[in-house]
Enquirer: 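Sharing a structure below in structure tokens format, with a few things to ask.
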Amino acid sequence: MTPALRRALLAWYDAERRALPWRGTRDPYRILLSEVLLQQTRVEQALPYYRRFLERFPTLEALAAADEEAVLAAWQGAGYYARARNLLRLAREVARAGWPRDRAGLLQLPGVGPYTAAAVASIAFGEPVAAVDGNVRRVLARVHAEPEPGAAWLGRAAADWLEPARPGDWNQALMELGARVCTPRNPDCAACPLAGICRGRAAPERYPAPRKRRARTEERWALVLQAPGGVVLEHRSTGQLAGLWGVPMGPGAAPPAVALARYRARAVEPAGTVRHAFSHRRLVVHVFRGRAPEGGVAPGARPLAELDRKLLRAAGLEGAAEGEA
DNA sequence: AAAGCGGGGAA
DNA sequence: TTCCCAGCTTT
């Protein structure tokens with residue numbers, strides 16, 4: 001990060017912010033409101049709510065004097081209503097005790113976390129601290145070609161870059177660069193003042209690496225039915241594990257009567273649970289074993305997923321999956 | 001560590 | 001239709 005590049009980025013921001021009504025103020029109340037109300041979602045989506053709220057409560061004192069019902073009415077439609085309540089609590093506290101002048105003090109206020117505290121401290125009070133939101137995270141990850149920007153790495157990278165003479169403008173410049181140029185999809189690299197040093201430019205979508213889908217836990221039932229010839233197996237033609245064979249399985253904690261009827265299952269009893277993790281979901285499968293008059297297949301003769309091997313073992317068919325049935 | 005918040009746009 | 005967003009609080 002050369003001095004010339006710093007100037008280029010700040011110049012880009014100075015030009016951009018004329019069109020950004022929520023930028024360019026040093027009033028901590030307005031800054032806080034914009035961070036709380038705009039930061040969480042698309043700006044164009046939230047801007048009308050921001051304007052309406054500011055019109056109704058132009059100052060922190062006006063907000064502090066209001067009752068909660070009026071505050072929620074002004075917030076109506078913006079979502080995240082707990083934030084409105086936190087903001088009111090904050091306003092009353094600040095009206096009484098004054099603004100904390102640094103990040104540590106701001107952090108104690110209700111609804112203010114590390115990002116918001118750093119943003120207000122740097123923009124309103126000029127404290128040289130880096131504010132890292134999702135936009136800044138993306139910019140840093142791309143310029144450094146870092147696919148996994150962890151919290152510690154981000155803290156170091158952001159602090160290294162910070163422009164101590166204009167910390168508020170610097171933080172806002174990076175945020176807006178991420179929001180307007182270095183976007184998650186289809187970044188406008190041709191318009192980016194940092195393109196010259198960006199090591200991730202060739203493959204911006206890799207930085208940061210797409211977040212792993214959070215593994216969600218799903219409950220399933222599975223039927224392990226012994227039948228002449230082996231075990232009832234079905235060919236999974238669609239969905240998960242398509243192409244492989246497996247035991248009948250479905251959503252829920254126990255097989256519905258219609259499923260039992262379909263296989264003419266008899267003597268069905270619980271046989272424990274099996275846990276199996278895919279990259280994007282965690283299954284908890286409740287295994288039931290029983291007998292059926294037909295449909296038996298030798299499991300060793302069909303391609304089975306590891307999940308189904310586990311299910312067979314849970315039902316007491318140790319060797320079945322290895323082809324010894 | 002993970003879920004919930006809540007609205008809208010993308011997939 | 002479901003998924004995801006982004007920071008903070010709560011569990």
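Chain letters run A, B, ... following the sequence lines, proteins first, then strands; residues in each count from 1. Just so we're clear, the structure is a prediction, and the values are computed from it rather than from any experiment.
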Enquirer: Considering every strand and a 4.0 Å limit on heavy-atom distances, what is the contact class for A/Asn135: base, sugar-phosphate, or nothing?
Expert: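 Result for A/Asn135 = nothing.
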
Enquirer: Take the protein atom CG of A/Leu38 and the nucleotide atom P of C/dG7, then report the distance between them rounded to whole Å.
Expert: 13 Å

Enquirer: Do A/Tyr207 and A/Glu148 get their side chains close enough for a donor-acceptor pair, meaning under 3.5 Å?
Expert: no

Enquirer: Determine the Euclidean distance between corresponding P atoms of C/dC8 and B/dG9; express it in Å to zero decimal places.
Expert: 24 Å

Enquirer: Atom CG of A/Asn86 to atom C1' of C/dT10: distance rounded to whole Å?
Expert: 11 Å

Enquirer: Check the side chains of A/Gln172 and A/Tyr13 for a donor-acceptor pair under 3.5 angstrom, ignoring hydrogens and angles.
Expert: yes

Enquirer: Please determine whether residues A/Leu47 and A/Tyr29 belong to a single hydrophobic cluster, defined as Ile, Leu, Val, Met, Phe, Trp and Tyr linked transitively by side-chain heavy-atom distances below 4.5 Å.
Expert: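 Same cluster: A/Leu47 reaches A/Tyr29 through Ile, Leu, Val, Met, Phe, Trp or Tyr contacts under 4.5 Å.
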
Enquirer: Rounding to a whole Å, what distance do you find between A/Leu72:CG and B/dG6:P?
Expert: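 Atom CG in A/Leu72 sits about 10 Å away from atom P in B/dG6.
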
Enquirer: Taking CZ from A/Arg103 and P from C/dC8, how many angstroms apart are they, rounded to a whole number?
Expert: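 Answer to the nearest Å: 12 Å.
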
Enquirer: Using the P atom in both, what is the distance from B/dG6 to C/dT11, to the nearest Å?
Expert: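 So the two P atoms sit 14 Å from each other.
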
Enquirer: Would you say A/Arg201's side chain and A/Arg142's backbone share a donor-acceptor pair under 3.5 angstrom?
Expert: no

Enquirer: How many Å lie between OH on A/Tyr115 and P on C/dA6, as a whole number?
Expert: 11 Å

Enquirer: Respond yes when some side-chain nitrogen or oxygen of A/Tyr81 is under 4.0 Å from OP1 or OP2 of B/dG7, and no when none is.
Expert: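 Answer yes for this pair, as a side-chain N or O of A/Tyr81 is under 4.0 Å from OP1 or OP2.
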
Enquirer: Looking only at side chains, do A/Tyr115 and A/Glu35 share a donor and an acceptor under 3.5 Å apart?
Expert: yes

Enquirer: Is a side-chain donor or acceptor of A/Arg138 paired with a backbone partner of A/Gly178 at a separation under 3.5 angstrom?
Expert: yes

Enquirer: A/Glu35 CD to C/dG7 C1': how many Å, rounded?
Expert: 11 Å

Enquirer: Given atom CG of A/Leu107 and atom P of C/dG7, what is their separation to the nearest angstrom?
Expert: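 Value for this atom pair: 15 Å.
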
Enquirer: Does NZ or CZ of A/Arg83 come closer than 6.0 Å to the centre of the six-membered ring of A/Tyr80, within 45° of the ring's axis?
Expert: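 Yes, A/Arg83 lies over the aromatic ring of A/Tyr80.
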
Enquirer: Assign A/Pro184 to base, sugar-phosphate, or nothing according to its heavy-atom contacts below 4.0 angstrom with the strands shown.
Expert: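 No contact at all - A/Pro184 keeps every heavy atom at 4.0 Å or more from the nucleic acid.
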
Enquirer: Could you list all N or O pairs between the protein and nucleotides 9-11 of chain B that sit under 3.5 Å apart?
Expert:
| from | atom 1 | to | atom 2 | distance (Å) |
| --- | --- | --- | --- | --- |
| B/dA11 | OP1 | A/Arg185 | NE | 3.1 |

Enquirer: Closest approach to the side chain of A/Asp133, judged atom by atom: which nucleotide of C/dG7, B/dG8, C/dC8 is it?
Expert: C/dG7

Enquirer: A/Tyr80 has an atom OH; how far is it from atom P of B/dG6, in whole Å?
Expert: 8 Å

